[in-house]
Protein chains: 2
Amino acid sequence: MSATKLLVLGIVHLSGGAHGYQVRSELQSWGAESWAKIKPGSIYHALKKAAADGLLTEHAEPGNSGPERVLYRATARGRDEMVELVRDGLRRTHDPDMLNASIAMLPMLTRTDAIAQVNERVARLEAELVVQAEWREHPNRDTPEHVRDQAELWAGQARTELEWAKSLSKRLSEGAYAMADDPGSWRTVPDHLKMRA
Amino acid sequence: MSATKLLVLGIVHLSGGAHGYQVRSELQSWGAESWAKIKPGSIYHALKKAAADGLLTEHAEPGNSGPERVLYRATARGRDEMVELVRDGLRRTHDPDMLNASIAMLPMLTRTDAIAQVNERVARLEAELVVQAEWREHPNRDTPEHVRDQAELWAGQARTELEWAKSLSKRLSEGAYAMADDPGSWRTVPDHLKMRA
DNA sequence: TAGAGACTAGTCCAGTTTGACTACTTGGCC
DNA sequence: GGCCAAGTAGTCAAACTGGACTAGTCTCTA
């Protein structure tokens, strides 16, 4: 699951450097433990992995109060990789967790880029709906009835997502949200994302 | 992910005994590799695990043609566990894979039981929608705007699922599908599920 | 009739996830 | 001033997943 990777990189980047527990609390406060199913162990693993891959740097900090901590900071490669992950998550259907994580990190992208990725998602969802419709018109003879009806749910979900993606694209076009290339963007980090040093 | 466990137990049960490759091909033919993201390694693992847990029995079969195979058969405990998994998957929201797997194995339940579980899901989805609506009316001050809009998608998905669950419950009440307690149920295993011995 | 390609059956192990566990500090409160 | 609860920070082994890999058997077909 690279949703964990994306969120961890994102939090470190947004806070301009963070240690494991901080990432963990931040994700918890976003309710990410529920919608992205992220457990503590995975966070620490993702941080170490990212550091080993050169996406983050590690700085050991002697615990002035409490146990020793490791401070992580995003590298240039880490930022690039993260932006790529956000773009992928927006574009690709079939991975709800990545979509959720990408939306959470949406302001990492420039406005035009974000719109392009969301539009690509719209196109893919439309294509999938066409395939599904065909499949239901010419059903496979030995697919059980209840499995065919299940496709009804998938199609419904896809349609819901499609409408939502369209409206997101529209909102973005109309200037909603502070994106990476806007004044007052995430570069002016909102309070709740600031490092609680 | 216990969706793998459920599907593997289910296929073994439905075929009245199966070896790994058979389970694998069956799942493939259902398109499960895509909607449940199941890979070969996980299938063989799940089979061994289930055997170790006493949910399946293992019988080594000398390969009359081709390599040696291991035949698995469901035990009574395995059947009970599977039925419990199907009921859980129907009831509990927040796990789409389990829902998909449970629907695939729906005819394992008796009609009244299935209806009860689906109705429970309906109730839970309605409760979630209420909570979400409240959350959107009284938004947390420092939740970023784009994260609040994401909730729009979740709510939409929940509504879609709700409608679908209601209609499934209705279809079941009207006698759709051959359930476990019906004549002509899965006990009369359809051709495409029969062991290709 | 040998060799290519497809099918059958499963192993292997590196990588990832889980969640229980350790260990230390702070603050309250009796 | 001693003890408990809550908070801080992270480790660890066990379990699970992914998917490349092995290894035999048919089946054409040139």
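Proteins come first, then strands; the chains are lettered A, B, ... in the order of their sequence lines, and each starts at number 1.
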Item to check | Protein-nucleotide distance (Leu71(A), atom CG; dA9(D), atom C1'), rounded to Å | outcome: 13 Å

Item to check | Whole-Å distance separating the CZ atom of Arg69(B) from the P atom of dT11(C) | outcome: 13 Å

Checklist entry - For the side chain of His19(A), counting heavy atoms from C-beta on, which of dG18(D), dA9(C), dG10(D) is nearest? => result dG10(D)

Checklist entry - Is the shortest side-chain N/O distance from Tyr21(B) to OP1 or OP2 of dT8(C) below 4.0 Å? => result yes

Item to check | Atom pair distance, as rounded to whole Å: CD in Gln28(B) and C1' in dT8(C) | outcome: 12 Å

Item to check | Whole-Å gap separating P (dT17(D)) and CD (Glu33(B)) | outcome: 17 Å

Next on the checklist: Ignoring hydrogens and geometry beyond distance, is the side chain of Arg24(B) in donor-acceptor contact with the base of dG10(C) at under 3.5 Å?
Outcome noted: yes

Checklist entry - Separation of Asp97(A) atom CG from dT17(D) atom P, in whole Å? => result 15 Å

Checklist entry - Within this structure, what is the NZ-to-C1' distance between Lys37(A) and dC16(D), rounded to whole angstrom? => result 16 Å

Checklist entry - For the pair made of CG in Asp53(B) and C1' in dA14(D), what is the distance, rounded to whole Å? => result 14 Å

Item to check | Qualifying residue, where the test is side chain to side chain contact (heavy atoms under 4.5 Å, CB included) with Leu56(B) and the options are Leu47(B), Thr75(B), Leu71(B) | outcome: Leu47(B)

Next on the checklist: Less than 4.5 Å apart, side chain to side chain, heavy atoms only: is that true for Tyr72(B) and Thr57(B)?
Outcome noted: no

Checklist entry - Testing Glu128(A), Gln132(A), Glu134(A) for side chain to side chain contact (heavy atoms under 4.5 Å, CB included) with Val130(A), which one passes? => result Glu134(A)

Checklist entry - Rounded to whole angstroms, how far apart are CD on Gln22(B) and C1' on dA9(C)? => result 12 Å

Item to check | Within residues 40-49 of chain A: residues closer than 4.0 Å to DNA chain C (heavy atoms) | outcome: Gly41(A), Ser42(A), His45(A), Lys49(A)

Checklist entry - Is Tyr44(A) close to Arg24(A) at the side-chain level, that is, under 4.5 Å between some pair of heavy atoms? => result yes

Item to check | Residues which pass side-chain hydrogen bond (donor to acceptor under 3.5 Å, both in side chains) with Arg136(A), listed by chain and number, not counting sequence neighbours | outcome: none

Item to check | Student check: side-chain heavy atoms of Arg124(B) and Glu120(B) closer than 4.5 Å | outcome: yes

Checklist entry - Below 4.0 angstrom from OP1 or OP2 of dT17(C), is there any side-chain N or O of Lys39(A)? => result no

Next on the checklist: Does the plane of the ring in Trp35(B) sit parallel, tilted or perpendicular to the ring in Trp154(A)? Use 30° and 60° as the thresholds.
Outcome noted: tilted

